[in-house]
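Below you'll find the structure, written out as structure tokens, and then a few comments.
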Amino acid sequence: MRNSSWRSLLATSFFAAGLQAQTLDSVLSGEKTLSTFYSLVQKYPDIIKGLPSGATVLAPNNAAFVRNDQFVKNSPDFITSVLQYHMLKTKVLAGNLVAGTPVFTDTLLPSWTNITGGLRVEILKQGGNVVALVGGQGSRSTLVQGDLPFTGGVVQIIDSLLVPPGNITITCQEYNFTSFEGALYASDVLVKDSTTANLTIFAPQNAAFQALGSAITSMSSTDLAKIMDFHTLNEVIYSTSFKNNTEFTTVEGGKLTVSRTGNNAIFINSAQLLAPDIMIGNGVLHVIDNVLNPSSSGTPVESLATQMPVFASASSVTNLPFTSNILVSTTSAPAGSALPTATSVKSSSSKALAAAIARETGFAAGLMVAIGGAAMLI
């Protein structure tokens, strides 16, 4: 049912909407495919505690829990936290989504790091009327039955569990942004970029660092920190805000300018946007194909598959710069983070960059996700 249209399933929902609205308990108990989810809500009522009027419940179906048969053996705190990430603070109707335009909405799960409004879920209508839901670490689910109304909100039945976003080091590891991760260590900005509230980070892919070679590896930690800060904004900006000629001020103080081309490619100064909207615990990360230079903004060339370096002394290398700076263990959590223990959880997911760009569902891969510093395998 993953690839089938949910529109045919909405007819029942629209009919029900014309009747007296049911309680959330009635809707969940009346859906046979939600018996496991319903039992967990009954057992751990804090999952829906604080659910506001006009909310959305993303309810994983029984098949999602069959694939995750160890999930229910986790601690009450862990189960509650993960399922709170499925409780959206706003009412999102599948029937109102616009194809290709993602929606980002706050959840009931407070951030373990720091992001205003709590951790978020992305909802995206794709071709063929498929609705994908994207969580942390590329965890993905597909809507299988939409817009089931209850008094105070709507239930959306999904086919996989979503995983809350982790910290930046775990995210870099899972998406193989190892040079960028190493540069965070080498420049001594890792703690700042892990704990500062509400950040947008532009992360160059490994090949971008390889294209520079000693032009960047020979920098002092102070100079490298300026480069890294030029990739960071002190606000959460999703790709839906990347309008042509929009400017953003970086932590370094310089400006980043968005440009869009005729084929709808998006450039940030000299770098092309490769994979947008990867959520992290304290904001959002966007993958780009070039290392940005505050001293030379560069001009993007639409015809190039990969943009040219904007550092005058760039000299390509085959090794991955900065990877030797990465510590063996990077699972430490920011102060004050929750530390639930967890067994494995599986989700529709992908750590491959190509999959992230394609935004398709149905990929399965083993990922390690930071939940308040504890690792959860999905």
Side-chain angles (χ1 to χ4, degrees), residues 85 88-90 92 101-124 134-137 164-172 175 177 180-181 183-184 187-204 224-260 266-294 297 300 334-337 356 370:
Y85 186 60
L88 310 184
K89 293 180 180 179
T90 57
V92 181
T101 302
V103 173
F104 302 90
T105 184
D106 297 340
T107 70
L108 283 187
L109 179 61
S111 174
W112 282 298
T113 49
N114 207 349
I115 184 170
T116 302
L119 296 173
R120 290 168 187 158
V121 167
E122 176 185 359
I123 305 173
L124 177 66
V134 185
Q137 303 302 302
N167 63 38
I168 190 170
T169 57
I170 295 297
T171 302
C172 285
Y175 282 90
F177 306 145
F180 179 75
E181 180 188 2
L184 291 172
S187 60
D188 294 325
V189 301
L190 176 61
V191 172
K192 178 176 67 174
D193 282 2
S194 297
T195 59
T196 302
N198 303 320
L199 294 183
T200 296
I201 296 175
F202 295 95
L224 182 58
K226 292 178 181 178
I227 299 297
M228 300 301 286
D229 284 347
F230 191 60
H231 290 73
T232 306
L233 310 179
N234 267 325
E235 54 184 330
V236 178
I237 303 293
Y238 297 107
S239 61
T240 48
S241 296
F242 291 161
K243 311 300 183 184
N244 197 37
N245 297 321
T246 303
E247 284 192 347
F248 299 105
T249 301
T250 69
V251 171
E252 184 269 344
K255 301 285 187 180
L256 297 181
T257 302
V258 178
S259 56
R260 302 185 75 119
I266 299 174
F267 294 88
I268 310 297
N269 279 16
S270 62
Q272 183 170 356
L273 180 67
L274 298 180
D277 305 321
I278 297 173
M279 285 172 282
I280 54 178
N282 59 330
V284 64
L285 181 148
H286 306 287
V287 186
I288 55 178
D289 74 345
N290 210 358
V291 179
L292 303 173
N293 186 350
S297 61
S337 296

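Treat the numbers as computed from the prediction; the structure is a model and nothing was measured. The chain is numbered in sequence order, starting from 1.
Here the side chains of M228 and F180 are in contact, with some heavy-atom distance below 4.5 Å. Put simply, the side chain of N245 does not reach to within 4.5 Å of the side chain of V258, judged on heavy atoms.
Taking each heavy atom of P164 and L119 in turn, the nearest pair found is CB-CD1, 4.0 Å. Pairing each heavy atom of T246 with each of S241, the nearest pair is OG1-O, 4.1 Å. Between L224 and S187, the shortest heavy-atom contact is CG-CB, 3.7 Å. The two residues N282 and T195 have their closest heavy-atom pair at ND2-N, 4.0 Å. Taking every heavy atom of both residues into account, A271 and L292 meet most closely at CB-CD2, 3.8 Å. The shortest non-hydrogen separation linking E122 to M279 is N-CE, 3.7 Å.
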So F267 and N244, side-chain contact (heavy atoms from CB on, under 4.5 Å) or not? Walk me through it.
CA-CA 9 Å; F267 294 88; N244 197 37; over 6 Å; no

Assess the residue pair D106 and T90 against the criterion (side-chain contact (heavy atoms from CB on, under 4.5 Å)); give the C-alpha distance rounded to whole Å, side-chain angles, the decisive distance to 0.1 Å, and a yes or no.
CA-CA 7 Å; D106 297 340; T90 57; over 6 Å; no

Under the side-chain contact (heavy atoms from CB on, under 4.5 Å) rule, what do V291 and F202 come out as? Steps first, then yes or no, please.
CA-CA 9 Å; V291 179; F202 295 95; over 6 Å; no

Using side-chain contact (heavy atoms from CB on, under 4.5 Å), reason through Y175 and L285 one step at a time and then give a plain yes or no.
CA-CA 11 Å; Y175 282 90; L285 181 148; over 6 Å; no

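With rounding to the nearest 0.5 Å, the separation of CG in L274 from CD1 in I266 is 11.0 Å. Interatomic distance, L184 CG to K192 NZ, rounded to the nearest 0.5 Å: 10.5 Å. To the nearest 0.5 Å, the span separating CG on N269 from OG on S259 amounts to 8.0 Å. A distance of 13.0 Å separates CG of L88 from CZ of F104, quoted to the nearest 0.5 Å. Atoms CD1 and SG, on I201 and C172 in that order, are 8.0 Å from each other to the nearest 0.5 Å. In this structure, CD on E181 lies 8.0 Å from CD1 on I170, to the nearest 0.5 angstrom.
Side-chain atoms of S194 come within 3.5 Å of backbone N or O of L190 as a donor-acceptor pair. Put simply, the side chain of D289 gets close to the backbone of Q272: a donor and an acceptor are under 3.5 Å apart.
Ring pair H286/F242: centre-to-centre distance below 6.0 Å.
Using a 3.5 Å distance cut-off with no hydrogens or angles, the side chains of T171 and Q137 do pair a donor with an acceptor. Looking only at atom types and distance, the side chain of Y85 has no donor-acceptor partner in the side chain of R120 under 3.5 Å away. Of the N and O atoms on the side chains of T116 and N198, at least one donor lies less than 3.5 Å from an acceptor on the other residue. At a cut-off of 3.5 Å, with distance as the only test, a side-chain donor of S239 or D277 sits close to an acceptor on the other residue.
With sequence neighbours left out, K255 forms a salt bridge (charged side-chain N to carboxylate O under 4.0 Å, His left out) with no residue at all. Residues satisfying the side-chain hydrogen bond (donor to acceptor under 3.5 Å, both in side chains) criterion with T240, sequence neighbours excluded, are absent altogether.
Tested against V284, the residues T200, I278, I115 include a single side-chain contact (heavy atoms from CB on, under 4.5 Å) partner, T200. The only member of T250, D193, V189 that meets side-chain contact (heavy atoms from CB on, under 4.5 Å) when paired with T232 is D193.
In the displayed structure, K89 atom NZ is contacted under 6.0 Å by more than 12 heavy atoms of other residues, nucleotides or ligands.
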